[in-house]
Amino acid sequence: MKLSAKIYSAIIFCFLFAPIAVLLVFSFNEAKSLSVFSDFSVKWYVELFRDRNTLAALKNTLVLAASATAISTLLGTFAAVGINRLRSRWYRAAMNTVTDIPMVNPDIITGISLMLMFVFIGRLFGASTSLNFGTMLIAHVTFCTPYVILQVLPKLQQMDNALPEAAMDLGCTPLGAFFKVELPEILPGIITGAIMAFTLSLDDFVISYFTAGTGFETLPIRIYAMTKKTVTPKMYALATIIFFVTLTLLLISNVVDNEDSRKLKERKKKK
Amino acid sequence: MKSSGASRTPVTYRAALAPYSVWSVLFVLVPLIFVAFYAFTDNDFAFTTENITRFFTAKSNIVGEDGSTTEVRTYVLIFMRSLKLAVISTLVCLFMGYPMAYIMARAKEKTQKTMMTLIMIPMWMNFLIRTYAWMTILQDTGIINGLLGKIGLGPLHVIGTETAVILGMVYDYFPYMVLPIYSILAKMDLKLLEAARDLGCGSLSVLRRVILPLSMPGVISGVTMVLIPSISTFYISQKLGNGKFFLIGDAIEGQYIANNLHFAAAIAFILMVILLAAMALLKYVTARFVYGGD
């Protein structure tokens, strides 16, 4: 790499990591200040774990993310299997468009549109508040599923379609062929898709904000409420923890993905 | 069971797709229809175009610095401001991101992977907190002004200016610009560049006549991926703009909080229509002028 290229990348990475570095450092600040570092301390972490509301929000976020991941992984995997074998061209085009919509549409429009529908249906049944855990779960599954499909579909396309057919010729039922032959082939895609769904759900603020009821607070919503007032380093401690958890998940998903492409290369070599 | 050669999709595969098809209709398509429905109805769900006309005609007074008042169309002004800030941020991302993507694509394979991970890591820090962190860095008592003060400069008032809002947008959406351009540049056939050089092209004209045109698909998807979230954001402007630069996302959020769902839907509807039109235009322009007419 040329020197100029090195300098340029260094500047860009400084820009990208400046706020993260500030966060990390000041989460260990003894004083309450977010700009003057006085002394090293973990007191904000201790305080964080004593904050009942934040812990409740953390629990809510994890429950929501886990449920949304389970449902969207199932829904998305089966959808990908179906899309991969679609013969009708217009049906395929329709599925691709519908899968693109939640990814291309601004989050605020996805959030508003779901909220309007939930509120309308709620009113129809005379409910005063129609937004709750269920509506949030639906919203999260809706924006997570396309990402699962996008991870699984390429794995299906890499797979030799003759494999499940051979299994069926040898007496497997279609369902048996799916579980014994197709599933093991596409598993890495399912795992990376699930991890992606989990991190997206964990991190989402905008769509949650519009579809959350008053009784169900997730972490991003709590953070939003907290930043309306003055923020203490406690929130930085929280951000640091979330950051490292997500980072670990992504590294795992990377390892799964690399392992898979390595295997694929080896198999190609053997042929 | 013979599935190859049959003209219909086998029943099992149709059944596998069915739940997602139903889900998409119920929770992707129908909600979008609800946006239009709310936009064109009043509180009793009777048809009206008032919400839409309100967007284009509502007026308010702005008090200038010299105390004079000017009458402006409130929401048209907000929309034009959002558009301006989003376009500037997108251009800044493009001019910062293209060289970065180019450097990455030309690096060793291992370095490429590391650099890509480094570009993506900030995306996994909650965006509310990232934005808030910038606020503490830039404020008058923040780190930057603290450092400037030590060498006898400053303070720079950044928070509450358009520059701060643009900086926030650029920071938050920069990876969305770099990654698509990088993936196109990394796949580019190096022989083409050699061929151009052999045929007498200088470095600059290789860039202008070969690399840039070939990387256009990446540039276009990068531009879309930055423009869409930055035009519809509603948090960055509140924090870094000190609430002075109300954007279209803030307008939607404000109407939602005030429980004016029909007007919120109307703003969302107009935003959606304009974005769709912009996408179509972008597609048309690239097809017509970048790939030469066909």
Side-chain angles (χ1 to χ4, degrees), chain A residues 1 5 8-9 12-13 15-20 22-23 34-36 75-76 78-79 81-83 85-88 95 98 101-102 104-109 112-114 116-117 119-120 138 141-142 145 165 168 174-175 199 203 205 210 220 223-224 227 231 235 239 242-243 246-247 250 254, chain B residues 1 3-4 7-10 12-14 16-17 19-21 23-24 27-32 34-35 38 96 99-100 103 107 115 118-119 121-122 124-130 132-134 136-137 141-143 146 171 174 228-229 231-232 234 239 249 252 256 261 264-265 268 271-272 275:
Chain A
M1 218 187 275
Y8 189 77
S9 345
I12 294 283
F13 285 126
F15 171 64
L16 286 177
F17 284 88
I20 294 176
V22 168
L23 257 151
L34 293 173
S35 47
V36 182
L75 200 63
F78 281 115
V81 170
I83 292 173
R85 292 301 188 95
L86 274 185
R87 294 261 158 71
S88 148
M95 288 325 289
V98 133
I101 291 176
V104 178
N105 235 349
D107 281 355
I108 198 167
I109 289 182
I112 280 272
S113 68
L114 282 161
L116 290 173
M117 184 175 82
V119 168
F120 184 82
I138 290 175
V141 171
T142 305
T145 311
E165 273 160 30
M168 285 186 271
L175 216 61
T199 51
D203 197 51
F205 164 66
F210 285 105
I223 290 168
Y224 179 68
T227 56
V231 171
M235 205 189 69
I242 302 176
F243 178 67
T246 343
L247 199 64
L250 283 166
N254 254 344
Chain B
M1 181 176 161
S3 53
S4 53
S7 62
R8 280 171 64 88
T9 312
T12 8
Y13 292 109
R14 288 181 162 242
L17 186 53
Y20 178 65
S21 307
W23 188 283
S24 305
F27 302 121
V28 178
L29 298 180
V30 173
L32 291 180
F34 267 95
V35 176
Y38 267 78
M96 271 171 65
M100 190 66 210
I103 291 170
M115 286 175 97
L118 285 176
I119 294 263
I121 284 176
W124 299 104
M125 176 68 94
N126 186 288
F127 102 98
L128 301 166
I129 297 177
R130 276 183 300 185
Y132 197 87
W134 271 114
T136 59
I137 294 176
T141 54
I143 297 168
Y171 181 80
F174 182 72
I228 289 180
I231 205 169
S232 59
F234 73 90
K239 283 296 150 201
I252 298 177
Y256 167 69
L261 296 188
L271 177 64
M272 218 160 72
L275 283 180

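Lettering of chains follows the sequences in order, A, B, ..., and the numbering in each one begins at 1. The structure presented is a predicted model; accordingly, all values stated were derived computationally and were not measured.
Highest contact tally toward chain B, considering only A:T145, A:V104, A:L114, A:L247, is held by A:L114 [criterion: heavy-atom pairs under 4.5 Å]. Most heavy-atom pairs under 4.5 Å with chain A: of the set B:A16, B:P99, B:A133, this distinction falls to B:A16. Counting heavy-atom pairs closer than 4.5 Å to chain B, the top-ranked of the candidates A:I242, A:L23, A:I112 is A:L23. Of the residues considered (B:V35, B:V28, B:I103, B:L29), B:I103 shows the highest number of contacts with chain A, using heavy-atom pairs under 4.5 Å.
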Quick one: do B:L128 and A:T227 satisfy side-chain contact (heavy atoms from CB on, under 4.5 Å)? Show the steps, please. CA-CA 8 Å; B:L128 301 166; A:T227 56; 5.5 Å; no
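Taking A:F120 as the reference, B:F34, B:F37, B:F45 meet the ring pair (Phe, Tyr, Trp, His ring centres under 6.0 Å) condition, with sequence neighbours excluded. Judged as a side chain to side chain donor-acceptor pair (under 3.5 Å), and not counting sequence neighbours, B:S24 has no contacts.
Proximity to chain B involves both the backbone and the side chain of A:F15, based on heavy atoms less than 4.5 angstrom apart. Both the backbone and the side chain of A:I138 come within contact range of chain B, with heavy atoms under 4.5 Å apart. Using a 4.5 Å cut-off between heavy atoms, B:P19 touches chain A through backbone and side chain atoms alike. Using a 4.5 Å cut-off between heavy atoms, A:I83 touches chain B through backbone and side chain atoms alike. Interface remark: A:V22 contributes side-chain atoms only to the contact with chain B (heavy atom separation under 4.5 Å). Using a 4.5 Å cut-off between heavy atoms, B:Y132 contacts chain A through both its backbone and its side chain.
In this structure, the side chains of A:P106 and B:L275 come closer than 4.5 Å at one or more pairs of heavy atoms. Put simply, the side chain of B:Y13 does not reach to within 4.5 Å of the side chain of A:L86, judged on heavy atoms. For the pair A:M117/B:Y38, no side-chain contact is recorded, criterion being any heavy-atom separation below 4.5 Å from C-beta on. The shortest side-chain heavy-atom distance between A:Y8 and B:M96 falls under the 4.5 Å cut-off. Residues B:L118 and A:F17 are in side-chain contact: their nearest non-hydrogen atoms beyond the backbone lie under 4.5 Å apart.
Tested against B:S232, the residues A:I108, A:D107, A:N105 include a single side chain to side chain contact (heavy atoms under 4.5 Å, CB included) partner, A:I108.
Of all non-hydrogen atoms in B:I137 and A:P19, the two that sit nearest each other are CD1-CA, 3.8 Å.
Summarising the geometry, atom CG belonging to B:L32 is positioned 5.0 Å from atom OG belonging to A:S113; distances are rounded to the nearest 0.5 Å. To the nearest 0.5 Å, the span separating CD1 on B:I121 from CZ on A:F243 amounts to 5.5 Å. Once rounded to the nearest 0.5 Å, the distance linking CG of A:L75 with OG of B:S21 reads 9.0 Å. Expressed to the nearest 0.5 Å, how far CG of B:N126 lies from CG of A:D203 amounts to 5.0 Å.
Between the side chain of B:Y171 and the backbone N or O of A:L16, at least one donor-acceptor pair lies under 3.5 Å.
Relative ring orientation between A:F205 and B:F234 is described as tilted, the plane-to-plane angle lying within the 30° to 60° band.
Ring to ring, B:W23 and A:F78 are not that close: their centroids are 6.0 angstrom or more apart.
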